[in-house]
Amino acid sequence: MSEVTVSSYICYKKDTRVFLTWLGETSQKAGWKPGQEKEHAPRLKGKARKELKKALTTQAADTPSTLEILQQIRHIKQAANTSKGEAMPIYVHNALLRCIKARERFAAWYKETKSEVENRSNETHEHFISLLKRGLSLFQDTNNQSGSKADEKDEDFVANLFGALQLEETPDHDEAEIAKYFQASTGSTSASTTVECGVELKDADIDFAIFSLFEDMHRLRAEAQEVWRRLKSGQLTIAHATLMVAMVIELAKRCERETAEVITSSNFTGDIDKRFPYGTYGAFAAKIYNSKALGRENQRGITDEMTQITPFDQFVFQPLGLTTTDLGYYTMETIRKQGHPWAWSIIPLEPLDTDDPQMHEARREAVFLIETFYEMQCIEWATQRERILKPAAIRSTLPFFDILHNALRPVWTEFKVDMTTAFAARLLVDMHQICGPMESSAIQKSIDIYAPSFGCLLESSDLPDLECPTDEEFEKIMVQIRQRLVHDLTMNPEWAKKKTAMIDLLIAKLGDEKLQKLREQLAQASGSRRKEIQKNITSVINSIWPRKSDTFLVETNILYSGSAIVDLIASLELVGTNIGTHSVSISCMAHIYNAARQFGLLDVAWPEMDKAIELQGSALFVDDIPTTRKAMVDRFLYTIGLSRRGNNVPSLTAKRFQIRSFDVSRTSTTIMHYFDGVDDISRLVYQLEDASTKHDRSSKSFRRTGPSKGAQKSPQKKSSQKSSTASTSAAVGESSQRSFRQTLEDLEKHVDAVLPVITFDYIALTRTCSNMLSALREELVSKLHIAYSHSIPEEDAARRGLGRIEVVVKMLHDNEIVEVAYEKVKREARHNRDEKTQRSLPKTAPVGLQLRHAANFIKTTLEHHA
């Protein structure tokens, strides 16, 4: 993901470079040389003319002027009818179209401001648009006609802001063609062409970059809304939705960071970058809200009281952005006055004096955001206090910080609102409006889908039938699982008690006591002092107070429940692989099952065991599935840390016994690190993509279609093929360009591929294998009179598992001895020329009685449970 460009402004710059690079090199092939023609570029007026002249004087030597661009277009067009002619490649055509559409949307947005002052800056935008359109029309043999359907669509952009935010997709074949072109153009001076072309004014260009940022935010909002709708309709699971929205927030962060870098790295003389430390949202919004180029200078600030909501306000996330900014301000003032970092801030909202439905809807959104803010702030303050007062205690009763919580934290920790923070506030409200409160039954359903074995983990802390490890790390993950299930995904009585006590204290101190004190002061005050006290009383009465609901957090913040469930999914694999390794049941049954299948004794499939072999082939068979009798014995001994000399098997002792540990996918570890704040979403997405690719290769390596007679070595092959996106990025020498929709679709595919891997139920399979081995051993003792040295299960923890291992060793060794005896008889008959004996012998060695009995037992058991 680190290779991907997400900001549409940066993508616009790249598209412009693609067009100009192709234009410069192709025109030179057609005979054009810089400075060979002299003609006048279209005349600009006033300030735009001065700015253009200034830009041209400071223009880099390899930057084409508008005049040179027109000359290049003409030369290519004139050469089109000759042998030197070269058609515009489709990827250049698409890049040019995207440039035009981006500029037209911005120009349309300028016009929609309806400024009363002369909009001189827009002349430059329209001039550059006409220049790009001229190049497009000449190569298409079409004339640029004003009032076309495309123009009409762009004119309607702001009028229907949220319905027209569609980003042009960048086809994969375009990326490949661009890569090839830049590879072939390495070393060309034209390849370093910049995109300004001497026509963009600095102030207007900054406006364009910020406009593109807000456009990106609305596109991302539309993607998140679609995720909520799909979750609501059951098309997405809560795990998918959580990870996809986490990606949306990460994309918003990237857009914000890339836009900030554009501004700070430019020669813009304004002070916008100086406001970044106080919150990028206010800096970005204020720049275009009071843009000098738009004629809105000093009209109204973004923090002024609103009497109506315009499309312009909605475009810059007002008035919800104002509410978020107020939350930061009131928190800062409260902490400054009270002098400690966990001070509460109560937000007053004046009654609305309007019937405007938009204003009332905005008020409802503000109230919900403030109530959620209180809930998160309550968690934050409780966590801080407990860390200080009880640094060594395990904070098992406190809720954790989810994705939205972390995105909103700067409001009360740094008292600033960045662009991503304002965007996260908008997502929170959208989530509540689309999905509504999440019922506990829906949460339980999600748990049952992914982790049916979690119930057994809550039944007992010992889990004797599962023979769990006793190390500290395993105990820690078990505590984490129980915390998620008991406290985070249900009504947490201990947290509810703490929360209620905090809110009661708050209301008493800042509500009832404060009102009583103010009323006492009011009775003795007069004049202006009396008015001031009356205003304070009204403010307290109109304040929004925290909710006392025990389930407010779980019901209103789906991402809180989703984060806990995704963390549970990752925890399940860690616990399951530990239990599976410790009990050795899966490993033992896998070798018996494989032997039975290899010798054609089983005509029924065991899907769970097949999946375990596919996922844990390295631990179970050391990458290669054994197909001969001797290899089966040797391979099993090797997996438990033993070897043999000659044909005899070594004695089984606890000191020598060491089972190979099951692999835990890096995805699970990364997921837990992500929700613990150790890794970021970029690392998680990379791991999901990598795991998805490796799983495809692994499943092919260990897939078996039935019994085999020959060797079935299936080592994993290292693929040297790289993804088209990665190769394109390397070839172009800069970031790849992917739309938000493409990125989220790719993520969804990776999650679809990886979830079945990390949600595999090792616990259920361990229990099944343990029961089957115990029952099989009893039958072997009673029917075949097999004697064993070790019992199942062993009372001694150090020897636990030896009884199961002994069953497998005796069975596979017995099967090998039968073959050795068969080969001996066959050799002697051949040596003695005993044709009768030779004819009586079967073509292949018979299977050992123990393995044959085990195959029948497995078949009967599987058919019984089918």
Side-chain angles (χ1 to χ4, degrees), residues 105-117 119 155-165 206-222 224-225 252 255-256 259 272 275 279-329 347 349-370 411 417-430 433:
R105 288 197 303 271
F106 188 41
W109 181 66
Y110 259 114
K111 292 178 181 179
E112 285 294 328
T113 60
K114 295 185 174 68
S115 172
E116 296 180 359
V117 302
N119 200 342
E155 289 294 333
D156 293 336
F157 171 72
V158 177
N160 189 17
L161 243 172
F162 308 113
L165 287 171
I206 296 299
D207 284 349
F208 183 29
I210 297 174
F211 165 83
S212 299
L213 172 62
F214 277 100
E215 218 185 19
D216 287 337
M217 292 297 161
H218 282 289
R219 290 192 185 101
L220 286 169
R221 180 192 176 193
Q225 288 174 324
C255 289
E256 175 187 355
T259 304
I272 179 174
R275 300 181 60 181
T280 58
Y281 170 72
F284 288 140
K287 175 63 179 71
I288 58 173
Y289 206 80
N290 287 287
S291 172
K292 184 185 300 184
L294 292 174
R296 295 176 56 90
E297 191 174 16
N298 299 323
Q299 284 194 2
R300 185 168 68 86
I302 61 170
T303 58
D304 293 348
E305 184 179 353
M306 302 182 68
T307 57
Q308 63 176 349
I309 302 172
T310 66
F312 198 104
D313 296 321
Q314 291 178 306
F315 185 68
V316 295
F317 290 121
Q318 291 284 54
L320 203 61
L322 174 60
T323 303
T324 311
T325 304
D326 285 344
L327 287 169
Y329 171 77
I347 314 300
L349 290 179
E350 297 295 331
L352 290 176
D353 188 19
T354 178
D355 295 329
D356 185 350
Q358 278 190 308
M359 293 295 293
H360 283 274
E361 176 62 25
R363 173 55 59 89
R364 286 190 290 272
E365 292 180 353
V367 170
F368 173 74
L369 178 63
I370 292 171
V411 175
V417 179
D418 286 327
M419 193 72 192
T420 306
T421 306
F423 177 70
R426 183 69 262 175
L427 292 189
L428 178 65
V429 174
D430 288 343
Q433 291 175 339

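Just so you know, these numbers use all the heavy atoms, side chains as well, and skip hydrogens, waters and symmetry mates. For this chain, numbers begin at 1 and follow the sequence in order.
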Counting heavy atoms not belonging to Phe368, are there more than 12 under 6.0 Å from its CZ?
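Yes - once you tally the heavy atoms of other residues, nucleotides and ligands closer than 6.0 Å, there are more than 12.
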Interatomic distance, [X] atom [atom1] to [Y] atom [atom2] [nearest 0.5 angstrom]:
{"X": "Arg221", "Y": "Phe317", "atom1": "CZ", "atom2": "CZ", "answer": "6.5 Å"}
{"X": "Thr421", "Y": "Leu327", "atom1": "OG1", "atom2": "CG", "answer": "11.5 Å"}
{"X": "His218", "Y": "Glu215", "atom1": "NE2", "atom2": "CD", "answer": "9.0 Å"}
{"X": "Ile206", "Y": "Phe284", "atom1": "CD1", "atom2": "CZ", "answer": "9.5 Å"}
{"X": "Ile347", "Y": "Asp326", "atom1": "CD1", "atom2": "CG", "answer": "7.0 Å"}
{"X": "Met217", "Y": "Thr420", "atom1": "CE", "atom2": "OG1", "answer": "5.5 Å"}

Closest non-hydrogen atom pair between [X] and [Y], with its separation:
{"X": "Arg275", "Y": "Ala286", "value": "NH1-CB, 3.4 Å"}
{"X": "Ala425", "Y": "Thr324", "value": "CB-OG1, 3.6 Å"}
{"X": "Asp418", "Y": "Gly279", "value": "OD1-CA, 3.4 Å"}
{"X": "Glu256", "Y": "Leu213", "value": "N-CD1, 3.8 Å"}
{"X": "Asp207", "Y": "Lys287", "value": "OD1-NZ, 2.6 Å"}
{"X": "Val316", "Y": "Ala285", "value": "CB-CB, 4.4 Å"}

Evaluate side-chain contact (heavy atoms from CB on, under 4.5 Å) for Ile210 paired with Ile272, printing each intermediate quantity in order.
CA-CA 11 Å; Ile210 297 174; Ile272 179 174; 3.6 Å; yes
Would a line drawn from the ring center of Phe211 to the ring center of Phe315 be shorter than 6.0 Å?
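Under 6.0 Å, so yes.
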Taking side-chain hydrogen bond (donor to acceptor under 3.5 Å, both in side chains) as the criterion, tell me which of Glu361, Gln225, Arg364 meets it with Gln433.
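The residue from Glu361, Gln225, Arg364 that satisfies side-chain hydrogen bond (donor to acceptor under 3.5 Å, both in side chains) with Gln433 turns out to be Glu361.
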Going by heavy atoms in the side chains, are Thr259 and Asp216 under 4.5 Å from each other?
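Side chain of Thr259 against side chain of Asp216, heavy atoms only: no contact under 4.5 Å found.
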Is the closest side-chain heavy-atom distance between Gln314 and Ile309 below 4.5 Å?
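Sidechains of Ile309 and Gln314: in contact.
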What residue among Leu352, Thr354, Thr323 forms side chain to side chain contact (heavy atoms under 4.5 Å, CB included) with Arg363?
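One option only clears the test, and that one is Leu352.
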Scan side-chain atoms only and decide if Thr310 and Asp313 contain a donor-acceptor pair under the 3.5 Å cut-off.
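Judged by distance alone, the side chains do pair up.
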Using the ring of each side chain (for Trp, its six-membered ring), is Phe214 parallel, tilted or perpendicular to Tyr281, with breaks at 30° and 60°?
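Phe214 vs Tyr281 ring planes: perpendicular.
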Donor-acceptor pair, side chain of Glu365 and main chain of Leu369, under 3.5 angstrom:
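No, Glu365 side chain to Leu369 backbone: no donor-acceptor pair under 3.5 Å.
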